[in-house]
Amino acid sequence: MQNQNDQRILISGAGLAGMTTALALADRGFSVLMMEKAPALSEVGAGLQLAPNATRLLERLGVMDDLLPQAVSPEALYLMDGVKAQPLIRMELGSQAAQRWNAPYITCHRADLQAALLKAVRAHPNITLHLGANVLSHHIAADKVTIRVDHNDQISDYSGQLLLGCDGVWSAQRAGINQQNKPADESRARFTDHIAWRTTLPIEQVPQSFLSALKDQLSVSAWLGQGAHLIAYPIKNGKAYNFVAITDGEDIGTSWDMKGDSAALIRSFSGWSQAVGDVLQAAPQWTFWPMFEMPEPKLVIDKRLILLGDASHAMTPFAAQGAAMAIEDAASLAAHLSPEQSDHSAALAAFEKQRLARIAKVARRGKLNRFAYHASGPVALGRNIMFKLRKPDDFLRDLDWLYQYDAADITA
Ligand SMILES: Cc1cc2nc3c(=O)[nH]c(=O)nc-3n(C[C@H](O)[C@H](O)[C@H](O)COP(=O)(O)OP(=O)(O)OC[C@H]3O[C@@H](n4cnc5c(N)ncnc54)[C@H](O)[C@@H]3O)c2cc1C
């Protein structure tokens, strides 16, 4: 006879993918057991832009009321010439974006989103979360999947009907599959030759030369130039600013949080405007993150094992959609699965088909942005002319497919 525990859903990893998936499935009536190897959910990372395709889903999960007071709804999005410190494009966001896409475009600190999600997870009667619980391995049987977990040095086994690997770009679940079934390189995360440098400054310390180049202080701006770009946006209800500089760089290991030598960063932006130079100098410390992507995203590994978020499809941040894709995975999976069904094979196949098409399209947009953002010489000139010829509304229309998308619509 089947044990009732074998009916629950197991999740490895309580990042953005894990927590949003737990909430979406729990709302559908599933019982969820989530394991997170970190003993506490720390403030890893810095800012996040959350576009309407993500915020409409977070609204349904009931986390926006806690998140919004800490977030910012930027008034505009600028593409800036990084050398001349002049706007190439200004796109209206704020209330216009909310009306156009029926959900707000916000910027926030990752820790604030994490805290709002954690509060909802802890309050949900269908979710159990174990912190300090490292999922070591999994075993798939005909009727269940079992995970082996090191929980504060105690080894225990837990079983369920599905295992969701939400364990990030260096996913242990994916690595386990690779060892069993695949040549080593086939689905390993690949270094993209880019480094992301991040810092956060209190608003009083953001250089005036930078702020005065933008008409609206509460805006997202992308400063473009040869081989690099700088993204800036307000977080913490406007009390701080998040900066992310993307440069070429070398693979220096699998960590998300390394202290960088800012002299190398400053060299990458030499010859850029004073506004950019002042920002680079103003920050006492830049953290740098080598950027990885999954060359071959795959979600459904087996009818009992699914990878979600970065574990499946880590992507470069050129479209600012990595977290949004994880949140979309959660909504889509929950919409496809039903607690009444015992065999999810058909639902999972439909889920994977829909998600892979969407993820591929978003990743293509990221590649296009990368080309446009880091252009130099005649390509940059052509880009700037093209930007001038288009009306602001054309740029908004161009984003409709991305931001209007509802991942919970299984017919989309
Ligand atoms: C520079 C940069 C800027 C970005 N900006 C944006 C942006 O503006 N907008 C956006 O949408 N996205 C952005 N992203 C992408 C976004 O941060 C990621 O896509 C997102 O955080 C992935 O979430 P995840 O839950 O899949 O993985 P993670 O956040 O990595 O979470 C994985 C979790 O699994 C846990 N774990 C790992 N192994 C185990 C194990 N064996 N057992 C138990 N737990 C385990 C980890 O401790 C972690 O908590 C950016 C990324 C970068 C690098």
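Nothing here was measured: the structure is a model prediction, and the numbers come from that model. Atoms within a ligand are numbered from 1 in the order they appear, just like the ligands themselves.
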Quick one: does ligand 1 sit under 4.0 Å from the side chain of R110, the backbone, both or neither, non-hydrogen atoms only?
side chain

Does any N or O atom in L41 lie less than 3.5 angstrom from one in ligand 1, N or O only?
no

Under 3.5 Å between some N or O of ligand 1 and some N or O of L48?
no

Charged N to carboxylate O under 4.0 angstrom, R60 versus D27?
no

Among the heavy atoms of M325, does any lie under 4.0 Å from an atom of ligand 1?
no

Where ligand 1 meets N134 - atom numbers and elements under 4.0 angstrom, heavy-atom basis:
40 (C), 41 (N), 42 (N)

Centroid-to-centroid, Y403 to Y405, below 6.0 Å?
no

Are F292 and D310 packed together at the side-chain level, in the sense that at least one heavy-atom pair is separated by less than 4.5 angstrom?
no

For M35, the ligand 1 atoms with a heavy-atom partner under 4.0 Å come out as 43 (C), 44 (N)

When you compare ligand 1 with I246, is there at least one nitrogen or oxygen pair between them that comes in under 3.5 angstrom?
no

Only one of I140, L348, L162 forms a side-chain contact (heavy atoms from CB on, under 4.5 Å) with D302, so which one is it?
I140

Just let me know how P317 lines up against ligand 1, side chain, backbone, both or neither, with a heavy-atom cut-off below 4.0 Å.
side chain

Relative to each other, are the rings of F351 and H336 parallel, tilted or perpendicular (30° and 60° limits)?
perpendicular

Please could you name the atoms of ligand 1 that S12 approaches to less than 4.0 Å, counting only its heavy atoms?
40 (C), 42 (N), 43 (C)

Is ligand 1 less than 4.0 angstrom away from at least one heavy atom of R198?
yes

Is any side-chain N of the basic residue among R365 and D398 closer than 4.0 Å to the acidic one's carboxylate O?
yes

Are F210 and W223, when compared by the centres of their aromatic rings, separated by less than 6.0 Å?
yes

Return a yes/no value for A324: is any of its N or O atoms, backbone included, closer than 3.5 angstrom to an N or O of ligand 1?
yes

Please test V83 against V276 for side chain to side chain contact (heavy atoms under 4.5 Å, CB included), starting from the C-alpha separation and ending with a verdict.
CA-CA 8 Å; V83 175; V276 171; over 6 Å; no

Relative to the heavy atoms of L16, which atoms of ligand 1 are at a distance of less than 4.0 Å?
21 (O), 25 (O)

Partner of L333 under side-chain contact (heavy atoms from CB on, under 4.5 Å), chosen from L164, T20, L299:
L164

Would you indicate whether the side-chain heavy atoms of W286 and R198 approach each other to under 4.5 Å?
no

Using 30° and 60° as the class limits, which term best fits the ring planes of F318 and H194: parallel, tilted or perpendicular?
perpendicular

Counting each atom of ligand 1 from 1 as listed, which ones have a heavy atom of G168 under 4.0 Å away?
27 (O), 30 (O), 32 (C)

Numbered atoms and elements of ligand 1 in range of A196, under 4.0 angstrom, heavy atoms
1 (C)

Which label fits H130 and H151: parallel for a plane angle under 30°, tilted from 30 to 60°, or perpendicular past 60°?
tilted

Under 4.0 Å from any heavy atom of A133, which atoms of ligand 1 are there?
42 (N), 43 (C)

Based purely on interatomic distance, does W289 place a nitrogen or oxygen under 3.5 Å from a nitrogen or oxygen of ligand 1?
no

Among G309, G18, G322, C166, whose heavy atom sits nearest atom 33 (C) of ligand 1?
C166

Compute the shortest N/O to N/O distance between V169 and ligand 1 and return yes if it is under 3.5 Å, no if not.
no

If you measure every N/O of E36 against every N/O of ligand 1, is any gap under 3.5 Å?
yes

